[in-house]
Amino acid sequence: MAVEQDVRHCTRCGAPVAAGEGPRAVPTCTACGHRHFRDPKVGVGAVVRDAEGRLLLVRRGVPPARGLWALPAGYVDAGEDPREAAAREVLEETGLVVRCGAVVDVYPGGGGASFFLAFEAALVGGVLAAADDALDAAFFPLDALPEIGFASTQDVVARLRADGRA
Ligand SMILES: [Zn+2]
């Protein structure tokens, strides 16, 4: 995962860069006026259910929401397919192999990402074992969930419960 580093000196002329104000400010060179656009950080996660309909969640080992539960998720690397990124994160955090399909929804940032895409994902194989950024990983029945850390995961749960009643 790349660490965010604000540009302090112009990549064109080396002069100091003015940061500007507000979350959408574009840092601008004080000498040549070159604007240093920042790329959004894209978060992706997977909605994985087992044969009993239980939902795969991971207990987060890193802030924000450390110690709380959420969809297995992470950042898309440059040049990486978002579905493959989500599947990679599931494998890294839970040991499970999934194939990502339709987008459930696109959410505003909350876990450090600029925005977050949740994908439906089919369980293909692997052996469940928490690793990487996850303290724990488990399947939960929708009526017996642990404490959820993110609004996006809560929304996914609400949708699954609504589907179950439909
Ligand atoms: Zn410059």
Spacing of OG1 belonging to T28 relative to NE2 belonging to H34, to within rounding of 0.5 Å: 9.5 Å
Within 6.0 angstrom of E52 CD, more than 12 heavy atoms from elsewhere: yes
Nearest 0.5 Å, please: how far is CD in E89 from OG1 in T94? 10.5 Å
Please list, chain by chain and in numerical order, all residues satisfying salt bridge (charged side-chain N to carboxylate O under 4.0 Å, His left out) with R159, sequence neighbours excluded. D105, D155
Salt bridge check: are R88 and E84 linked by an N-O gap of less than 4.0 Å? no
Drop me the distance from W69's CH2 to Q154's CD, to the nearest 0.5 angstrom. 15.5 Å
For P16, does its backbone N or O pair with a side-chain atom of T30 as donor and acceptor, under 3.5 Å? yes
Please tabulate, one pair per line, all N/O donor-acceptor pairs under 3.5 Å involving side-chain atoms of residues 137-152, not counting sequence neighbours.
none

Could you walk me through whether L160 and V47 pass the side chain to side chain contact (heavy atoms under 4.5 Å, CB included) test, one step at a time? CA-CA 10 Å; L160 295 176; V47 181; 4.1 Å; yes
Flag the pair F115 / P40 as yes when at least one side-chain heavy-atom distance between them is below 4.5 Å, and no otherwise. yes
Atom CG in L68, atom CG in L135: separation rounded to 0.5 Å? 10.5 Å
If every non-hydrogen atom of C32 is compared with every non-hydrogen atom of R12, which pair is closest and at what distance? SG-CB, 4.4 Å
Judged by atom type as modelled, is there a donor-acceptor pair below 3.5 Å linking the side chain of D77 to the main-chain atoms of E80? no
May I ask you to test the C29-R35 pair for a side-chain heavy-atom distance under 4.5 Å? no
Does the side chain of V104 come within less than 4.5 Å of L117's, by heavy atoms? no
Under a 4.5 Å side-chain heavy-atom rule over Ile, Leu, Val, Met, Phe, Trp and Tyr, are V156 and V48 clustered together? no
Without placing hydrogens or testing angles, list every side-chain donor-acceptor pair under 3.5 Å for residues 60-67, not counting sequence neighbours.
{"unit_1": "R60", "atom_1": "NE", "unit_2": "P64", "atom_2": "O", "d": "2.7"}
{"unit_1": "R60", "atom_1": "NH2", "unit_2": "V62", "atom_2": "O", "d": "3.4"}
{"unit_1": "R60", "atom_1": "NH2", "unit_2": "P64", "atom_2": "O", "d": "3.0"}
{"unit_1": "R66", "atom_1": "NE", "unit_2": "G61", "atom_2": "O", "d": "2.8"}

L128 and L56, any side-chain heavy atoms less than 4.5 Å apart: yes
D132 side-chain N/O to A134 backbone N/O, donor-acceptor pair under 3.5 Å: no
Check whether any side-chain heavy atom of V97 lies under 4.5 Å from a side-chain heavy atom of L91, and answer yes or no. yes
For V90 and A46 the tightest heavy-atom approach is CG2-CB, 3.4 Å
Backbone of A25 reached by a side-chain donor or acceptor of R38 within 3.5 Å: yes
Student check: side-chain heavy atoms of L123 and R49 closer than 4.5 Å: no
Would V106 and V42 show up in the same hydrophobic cluster when neighbours are defined by side-chain heavy atoms closer than 4.5 Å? yes
Look only at the side chain of H36 and the backbone of H9, and say whether a donor-acceptor pair between them is shorter than 3.5 Å. no
Transitive ILVMFWY side-chain link V44 to V103, under 4.5 Å: yes
What about V58 and F119, same hydrophobic cluster or not, with Ile/Leu/Val/Met/Phe/Trp/Tyr joined at side-chain heavy-atom distances under 4.5 Å? no
